[in-house]
Amino acid sequence: MTVQQILFFYFATVIVLLSLGAVTMRNSVYSVLMVLAMFFHMAGIYLTLNAEFLAAVQVVVYAGAVLVLYLFVVFLVNLKQEARITRFVKHPALGGVMAGALFLMLLFAFGSFSLGPQGAWPVAAIEEATFTRALAMELFTRYLLPFEVVGLILLIAVVGGIVLAKREESQEGAGRETAGSSITRGEA
Amino acid sequence: MLIQPRPKRSLLETVLLFEILQGMALTLKRLFSKPVTRQYPDEKRQPFLGFRGKHALVRDPQTGESSCVACLRCATVCPSQCIYIRYHEEEGSGRRVVDRYDIEALRCIYCGYCAEVCPVNAIVLTESYEYSAYDRQTNYFDRGRLLNNWDAFVKESGHDPVAYVNPFWRPRGVDEATLAGPRRRKVPEEWTRAGQPVGRLCRSQDSEVLAEGVQR
Amino acid sequence: MALVVHMLILVGVVLLHVAYATYFERKVIGHMQVRMGPTRVGPLGLLQPIADGIKLFFKEDVIPGCADRTLFYAAPIICLVAAMANLAVLPFASGLVLAKINIGLLFVFAMSSLASYGVVLAGWASNSKFSFLGGLRSMSQVISYEIALGLSLVGVMMMAGSLDLSEIVAAQQQSRFGIYAIPQFLGFFVFVVAMLAETNRAPFDLPEAESELVAGYFTEYSGIRFSLFFMAEYIGMLVMASIATICFLGGWSGPFAVPHVPFFWFAAKIYGIMFFYFWLRATLPRYRYDQLMSLGWKVLIPLALLNIVVTGFVKTIF
């Protein structure tokens, strides 16, 4: 086994264990922290694949921004109350059977896995040009249109979010404004 | 509600953060100014005239004892009631003899009323201010300690124990002649009536006397 | 082996820097407020930081009864590790860098986002309202300003064409002005403001606002654990000052070369920025929370985006 394989097995095992921990932990803050550690190990896997840009973005975006928002939600929502929900499926065995079937299906699909044809960027070329540059070259030349489309979709999501948040606030704001103006009139 | 109008700023001033720069210029200027710090244990501050500090019982030069007559005015007037006096009457003459005279200095609020009402200038507040201690007992002054406080104050300040009188040891703005007690120490002429540096009279014409005290 | 020695030297120098940065701060702010600052321990109070360190080391380590112990122990360590990991990628002089990696700038971002976990976990694990509020404030503040911070540096990345900190300095030396602070003045401004917020310094020190939150997220910490947070804060300041120096002020290059001290200009620039930190702290009052948020989202981020667009246009045209 090469060093890379050892590292891969280490990261893969830890990722599986941490994911299991994240769904089984009783304390939801610990769950979020498990996911945090998992993200770091995923960044580690990216590093073994010479994808240092992806590794850094994984930590900056997922660990640094997305997960912090999760933590916010966990802090602000009363989870002890949320946890007391009625069971969706009566028999726990049914869920187990379904999960097992899915797992078996994945195992069967595993056999049909085959390496694709070699791309335009072999490892040596990436190492020479650095991953960041290679990624940028691909994104902004060959995949420019998909990249822009993704950007547009994200923009629409952001605008939609602002519209949804703004509508409620503008109604409240209107109410507040009339109250405020009446006070000013009273003072005058 | 008081609405404060925003100060007028031109667009250029807003963009260049003019007010923040003004503030920073001020702090930078202060960086090179001389500090106003008084390095306390090394440079001791001279207390102002009338400073109300450590309590003392004036030691009478004739008897070597306190001149207290146990009239209890100080204990009565004391707002925080931190003066405790025990006395008995001498058989025959009926003269009051002080058995105990205690001041719990930690409860004192330093209003100075006790020194003002005392008809014989027995209890005074000296200008000594360094008497912090590690335990509460040290600042529970009994008669012996109070007399020692006076000795220490006289020694430290260099005042003449017979002639020294502080004009603040009497009610403010009251004529000397109307005060009770012939045994009160006489305040020098320039401190009385018009020359009195305290009370209502001192507002305008006597400010130079105060200024003298400040310079001291 | 040589690497370990280099690491130890770096950590030692930085810890000494932290100790004397506190002295420097107290002196500067003291004199700006017409006081004197520390004068008692040693000549001119120069041994004060050492005395403080010894005092903190021997203080009792108090842990609140209802605290989550594991996280309470972990939080200051996360903070300190996140701050110290940055030191590895900072080039102090040409070739004087522990780990030259080609995503240096992104690594710094990643570590500074990790530092916010230490803060927020400290707030949560202490099980105290002041700590918790401080932690929440810090978290939202750091997330908001990290966007502005990252966007303000995009202009630099575009001009230098690299994420490697050493290469950014090298590209700067060959640029027309020698430093990026002149062509990237907008980015520099946004960076400086976001830098103050990111390190929780005045006027953005809301997470540890003394007047309302006692000490914010580290209210419940004492002794050596408190000092870990303290060190993390000052190392964070050092790292941010270094990034400002590297990305905008030309790194280790200066008007003339100083023999035998290759990092002279780097250190001088860093201490200039540290002085600026203290200067602001002595001048400005604290922001209100909603003002802080609206400044970040409505002023700094649009400015940074504008800077990126302008930089892109200028780069394509010329």
Side-chain angles (χ1 to χ4, degrees), chain B residues 1-48 51 53-54 127-136 138-139 156 210-211 213-216, chain C residues 23-45 48 185-197 201-204 271-288 291-292 294-295 298-300 302-303 306-307:
Chain B
M1 198 181 84
L2 183 71
I3 296 168
Q4 290 217 315
R6 277 168 177 251
K8 282 216 172 58
R9 264 181 312 198
S10 68
L11 184 67
L12 193 70
E13 281 176 346
T14 312
V15 170
L16 293 179
L17 307 172
F18 182 68
E19 281 153 347
I20 290 182
L21 294 182
Q22 264 184 325
M24 291 180 75
L26 181 76
T27 39
L28 190 64
K29 211 162 71 188
R30 288 288 178 276
L31 179 62
F32 300 106
S33 63
K34 194 173 171 297
V36 294
T37 311
R38 186 179 284 117
Q39 296 276 27
Y40 163 60
D42 300 340
E43 305 166 28
K44 281 191 184 147
R45 180 175 184 155
Q46 187 71 37
F48 286 106
F51 181 87
K54 197 177 189 175
E127 286 160 20
S128 153
Y129 53 86
E130 290 176 314
Y131 53 106
S132 50
Y134 286 105
D135 53 355
R136 304 180 75 85
T138 315
N139 281 340
E156 208 175 279
L210 258 189
V214 170
Q215 276 165 8
R216 215 164 58 88
Chain C
Y23 172 80
F24 186 38
E25 170 165 26
R26 291 168 70 175
K27 273 284 180 194
V28 166
I29 293 186
H31 279 275
M32 278 183 175
Q33 294 168 347
V34 207
R35 298 182 286 112
M36 295 175 102
T39 53
R40 292 272 149 191
V41 190
L44 293 172
Q48 182 73 44
F185 63 92
L186 210 52
F188 187 48
F189 171 72
V190 174
F191 180 84
V192 168
V193 178
M195 165 180 95
L196 294 169
R201 294 290 301 183
F204 305 107
Y271 275 93
I273 294 172
M274 294 294 264
F275 175 74
F276 181 72
Y277 269 117
F278 306 149
W279 188 7
L280 275 183
R281 184 177 159 192
T283 309
L284 295 180
R286 191 177 302 132
Y287 261 78
R288 210 172 60 203
Q291 289 174 336
L292 172 93
S294 68
L295 177 75
K298 294 183 188 164
V299 179
L300 294 184
L303 273 181
L306 178 74
N307 180 47

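If you're wondering where the values come from, they're calculated on a predicted model, not measured in any experiment. Naming convention: chains lettered A, B, ... in sequence-line order (proteins, then strands); numbering from 1 in each chain.
The distance from the OG atom of B:S33 to the CD atom of C:Q33 is 11.0 Å, given to the nearest 0.5 Å. Interatomic distance, C:L280 CG to B:I20 CD1, rounded to the nearest 0.5 Å: 8.0 Å. Rounded to the nearest 0.5 angstrom, B:T27 OG1 and C:H31 NE2 are separated by 14.5 Å.
Here the closest heavy-atom approach between residue B:P35 and residue C:M36 is recorded as CB-CG, 3.5 Å. Of all heavy-atom pairs between B:M24 and C:W279, the closest is O-NE1, 3.0 Å.
With a 4.5 angstrom heavy-atom cutoff, C:F275 touches chain B only via side-chain atoms. Residue contact with chain C, scored on non-hydrogen atoms closer than 4.5 Å, involves the backbone and the side chain of B:L28 alike. Only the backbone of B:K34 comes within contact range of chain C, with heavy atoms under 4.5 Å apart.
For CZ of C:F185, the number of neighbouring non-hydrogen atoms (other residues, nucleotides, ligands) closer than 6.0 Å is 12 at most. More than 12 heavy atoms of other residues, nucleotides or ligands lie within 6.0 Å of OH in C:Y277, so this atom counts as buried by the packing criterion.
Using a 4.5 Å cut-off on side-chain heavy atoms (C-beta onward), B:Q39 and C:R40 make contact.
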